[in-house]
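Notes to accompany the following structure.
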Amino acid sequence: MAIVVRKYGGSSVADADKIKNVARRAIEAQEEGKQVVVVVSAMGKTTDGLVKLAQQVSDEPDERELDFLLSTGEIVSCTLLAIALKAMGAKSVSLSGAQAGIKTDAVHSRARILGIDPRRIHKELDRGKIVIVAGFQGITDKMDITTLGRGGSDTTAVALAIALGADTCEIYTDVDGVYTADPRLVPEARKLDEIGYEEMLELASLGSKVMHSRAVELGEVYKMPILVASSFGNSPGTLIHGGVSMEARNKVRGIAHDLNVAKVTVVGVPDKPGVASAIFDSLAKANISVDTIVQNASIKGITDLTFTVARTDLKKAMKVIEPVVKSIKAKECVSDSKLAKVSVVGSGMQTAAGYAAMMFRALYEAGINIELITTSEIKITCIIDEAKTSDAVRALHKAFELDKGV
Ligand code: ADP
Ligand code: ASP
Ligand code: MG
């Protein structure tokens with residue numbers, strides 16, 4: 001019997017009526033003859049509320065305890081959904097990530113899935129139950145609860161679909177698919193019927209939060225098609241898969257933006273071997289990922305080194321950097337967290353000239369200053385003032401004629 005894995009995000013299970021809606025849809029899928037697994041996120045903004053509570057009792061909440069706390073959000077929604085299903089007469093069981101067999105490493109707040117033991121889920125499905133799994137969490141070999149990073153329920157769903165041998169993984173959310181830009185910022189944004197893994201991965205990594213980037217990465221590696229669709233309507237959604245025709249693609253596929261950006265500048269760095277290594281080694285040891293890096297040309301043997309980190313990592317990064325700044329005899333370290341990242345993404349760009357120039361011109365004409373630039377074969381990224389994000393995304397969407405289609 002075909003297995004389907006469906007995931008519902010926070011806004012799709014935000015209240016009792018919405019949970020009942022998800023339950024009804026799960027029963028319909030079972031009546032169509034499928035074995036149904038539903039992964040849920042925490043209700044509404046529950047996870048944000050739990051983070052705030054932890055911050056009220058500590059400036060730097062202990063990472064193990066914070067993960068355990070945050071995992072409870074998904075336990076609430078998954079048990080409520082199973083209760084709703086049983087009340088409707090369906091057979092169902094709720095499972096935490098640990099009960100579902102999801103094993104992770106011990107990197108709290110961004111744990112990676114090491115493997116899934118699917119036996120319990122298969123057993124429950126074979127008994128005719130609709131299986132509800134709490135997203136975003138797993139368990140280490142020492143039996144500690146971990147979380148997979150914000151937005152990580154998408155990754156739970158794709159990983160489960162792979163481990164269970166499902167045909168597709170369906171991600172249900174509050175928009176009806178993947179758009180050429182965040183439809184909340186750009187009303188003219190166009191829904192895509194399909195998108196390749198590579199482009200979706202780039203959009204997700206650059207901030208399009210409609211999909212967790214690690215979910216797309218898993219989908220690509222294991223060739224699992226992922227459908228993104230609305231929890232509320234019945235429109236067809238967007239299929240993320242590997243078979244998108246090369247020639248049919250627009251050169252620019254979409255615009256991504258990310259507000260979780262902070263810039264750190266180490267000022268007055270002696271320009272000699274080993275300095276960059278000392279700075280970035282210390283950040284790597286603290287598990288902080290660094291994004292854009294720019295080193296200025298040195299004047300009289302002194303240079304500045306600028307890089308960006310997630311805004312949520314800034315405090316930790318500054319703490320780690322301070323002793324390094326002293327040891328390498330740099331002048332000081334300053335930061336700015338009121339920044340955003342806007343990116344133009346498209347795999348067709350690598351063979352076409354003039355895309356960077358077009359992006360810079362569009363930002364200039366919208367009166368937006370560019371602080372940092374990075375490029376790769378399929379994206380161009382600029383760091384700008386956070387207050388200009390909407391203007392920038394709209395200007396770029398227009399300049400690249402994304403409202404007009406392929
Ligand atoms: P969920 O709680 O269902 O996981 P998220 O809030 O994580 O939902 O993701 C859905 C949101 O992603 C949408 O409401 C939308 O504002 C945003 N988004 C950002 N970029 C895009 C895009 N390119 N296409 C669709 N939605 C996008
Ligand atoms: N509840 C978690 C979050 O808010 C995980 C998720 O929604 O995917 O980030
Ligand atoms: Mg999400």
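All heavy atoms count here, side chains included; hydrogens, waters and symmetry mates do not. Atoms within each ligand, like the ligands themselves, are counted from 1 in listed order.
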> Near ligand 1, which protein residues have a heavy atom under 4.0 Å away?
Replying inline: K7, G9, G10, T173, D174, V175, G177, V178, Y179, A181, D182, P183, R184, S208, K209, V210

> Are T146 and D67 linked by a side-chain donor-acceptor pair shorter than 3.5 Å?
Replying inline: no

> Does the side-chain hydrogen bond (donor to acceptor under 3.5 Å, both in side chains) test come out yes or no for T303 and S298, once each step is laid out?
Replying inline: CA-CA 4 Å; T303 184; S298 73; 5.8 Å; no

> In Å, rounded to the nearest 0.5 Å, how long is the span from OG of S96 to CD1 of I132?
Replying inline: 13.5 Å

> Just one of K315, K319, Q55, K316 clears the side chain to side chain donor-acceptor pair (under 3.5 Å) bar with E60, so which one?
Replying inline: K319

> Can T180 and I255 be said to form a side chain to side chain contact (heavy atoms under 4.5 Å, CB included), step by step?
Replying inline: CA-CA 6 Å; T180 47; I255 314 291; over 6 Å; no

>> Heavy-atom count check: over 12 atoms from other residues, nucleotides or ligands less than 6.0 Å from D59 CG?
In response: no

>> If we check side-chain contact (heavy atoms from CB on, under 4.5 Å) with I368, which of these qualifies: T389, V342, D391?
In response: D391

> For the atom pair CD (Q137) and CD1 (I75), what is the distance rounded to the nearest 0.5 Å?
Replying inline: 4.5 Å

> Where does the angle between the aromatic ring planes of F307 and F280 fall among parallel (under 30°), tilted (30 to 60°) and perpendicular (over 60°)?
Replying inline: perpendicular

> Can you list, by chain and residue number, every protein residue with a non-hydrogen atom closer than 4.0 Å to ligand 2?
Replying inline: S41, A42, T47, E74, F136, R150, G151, G152, S153

